[in-house]
Structure formats: structure tokens, C-alpha cells
Chemist: 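The structure is given below, and queries will be raised subsequently.
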Amino acid sequence: MRILVVEDEKQLAGILKRGLQEHGYATDTADDGEDGLSLAETSEYDLIVLDVMLPGLSGLEVARTLRARRINTPILMLTARDAIDDRVAGLDSGADDYLIKPFAFRELVARIRALLRRDDLVKDPVLRVADLEMDTVSREVRRAGQLVPLASKEYAVLEYLVRNPNRVLTRTQIAEHVWNYDFTAMSNVVDVYIRYLRRKLDDGHEPRLIHTMRGTGYQLRVSR
Ligand code: CA
């Protein structure tokens with residue numbers, strides 16, 4: 001899961017980024033509305049944490065612009081003021097939820113989890129490919145009914161693959177989705193994690209699910 005934090009208070013942005021990364025979310029930050037908007041338009045995020053009071057474009061304008069351009073990434077808005085009008089304006093602008101500053105980090109994470117889950121709950125929280133099952137609520141993964149314990153980055157790589165079945169994902173796409181822009185792209189960390197996942201999920205099972213597309217990246221599909 002990849003999150004964009006748009007917040008001009010450097011210290012808070014730093015705390016949010018570190019904290020979210022510790023919770024397993026790849027996190028990018030932008031410190032004004034224009035940067036936030038262009039990142040949100042050009043990269044794939046699972047959620048945007050958006051401060052209302054920003055230099056230049058406000059959070060409300062960023063949210064409105066994204067929605068007008070049919071970018072429906074969930075938005076959690078941060079507002080410094082506990083005024084009903086601001087909260088209403090935030091929700092009207094297209095935000096999905098809001099949090100009033102100052103807030104406890106635990107609450108931010110709980111709201112993020114709830115927003116990320118919302119889509120899955122409406123549909124089915126269990127993602128399935130062949131006999132592979134990923135429960136996005138309990139974060140349990142099973143192959144042929146057998147529980148497969150995964151580390152948080154392994155889970156993140158697998159979730160990205162499972163949510164994009166039959167699509168070739170490049171190493172860069174996977175790295176950017178699971179880690180973030182600061183991530184040193186020179187490393188072969190994606191290959192390493194794919195190897196771990198194969199060992200845990202594909203070894204000894206049929207059909208194989210994780211396929212190498214030579215020269216491009218990886219694809220999750222049921223092999224025939
Ligand atoms: Ca601010």
C-alpha cells in the first residue's frame with residue numbers, strides 16, 4: 001500500500017512519513033498543494049492524507065481538482081480547525097474522512113486502515129487467485145487452505161500482484177508501490193522478495209502463480 005502525505009509543516013510531515021513506514025505503508029510527502037496534486041495525478045496511491053491549510057492551492061482545492069479529474073483515491077483530510085463548516089467543506093470537496101489536528105497517531109492509522117478497507121468490505125475482503133486467498137482484514141494469507149505467514153513487505157508485494165492479476169508489473173512499479181521514491185532503485189530488493197514469496201507460496205504447489213516476464217518484471221496469473 002502506498003500513501004501520499006501532503007503537509008507543509010515539515011516536522012509533522014516527517015513524523016507521519018516515518019510512522020506510516022513503520023506500519024508498512026510506502027509513503028511519499030509533498031509540502032504544498034501543487035506538488036501534492038501533481039504526484040497524486042502521476043503516481044498510483046492507495047490513499048492521500050491531505051492537510052487543508054497549505055501554501056498555494058489549499059487541500060480543499062486539491063481534493064476538488066482530483067475528483068473533477070476522476071481520480072478517486074481515498075482522501076483523509078487533516079483540519080486544524082474544529083469548525084463544522086470546514087468539515088462539511090472538506091467532505092463536500094471529495095474527502096472521504098477527516099481528522100482534526102492535533103490527533104493521536106494511532107487514530108490516524110486506524111482511520112487509514114478503515115478507509116483502505118472500505119472498498120474491500122463493500123465487495124469481498126478476501127482476494128482469491130486459484131487456491132490462494134488473501135484476507136485483507138485479518139491480513140492472513142492461505143494457499144490450498146494452509147496459513148502462510150508473511151512479513152509485512154512480503155504481504156505488500158503479494159497484495160499488489162494479487163490486485164493486478166494478469167498484468168505485467170515492472171520492478172520499478174512494484175518498488176514504487178511497496179517502498180517509496182526515496183527507495184534506492186539500484187538494489188534488487190524486488191527480486192529478493194519475489195524469491196521469498198515463491199518459496200512460501202509456489203514451491204510444492206500447482207499451478208504456479210508468480211511468473212517472471214523476462215526483461216520486464218513479474219506477473220501473477222494461473223499458468224496453463
Ligand atoms: Ca498546514
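Residue numbers run from 1 in the order of the sequence given. Numbering of ligands and ligand atoms starts at 1, following listing order. Since the model is a prediction, treat every value here as computed from it, not as a measurement.
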Chemist: May I ask you to determine how many protein N/O/S atoms are under 3.0 Å from the Ca ion (ligand 1)?
Modeler: 3
Chemist: Would you call D202-R143 a salt bridge at under 4.0 Å N-O?
Modeler: yes
Chemist: Using every non-hydrogen atom in the two residues, find where V62 and L37 come nearest and quote the distance to one decimal.
Modeler: O-CD1, 4.0 Å
Chemist: Transitive ILVMFWY cluster of M213 at side-chain heavy atoms under 4.5 Å: who else is in it?
Modeler: V168
Chemist: Checking R163 against T136: is there a side-chain donor and acceptor pair closer than 3.5 Å?
Modeler: no
Chemist: Taking only residues two or more places apart in sequence, or in another chain, which ones meet D96 in a side chain to side chain donor-acceptor pair (under 3.5 Å)?
Modeler: R67
Chemist: With sequence neighbours excluded, tell me which residues meet side-chain contact (heavy atoms from CB on, under 4.5 Å) with A130.
Modeler: P207, L209, V222
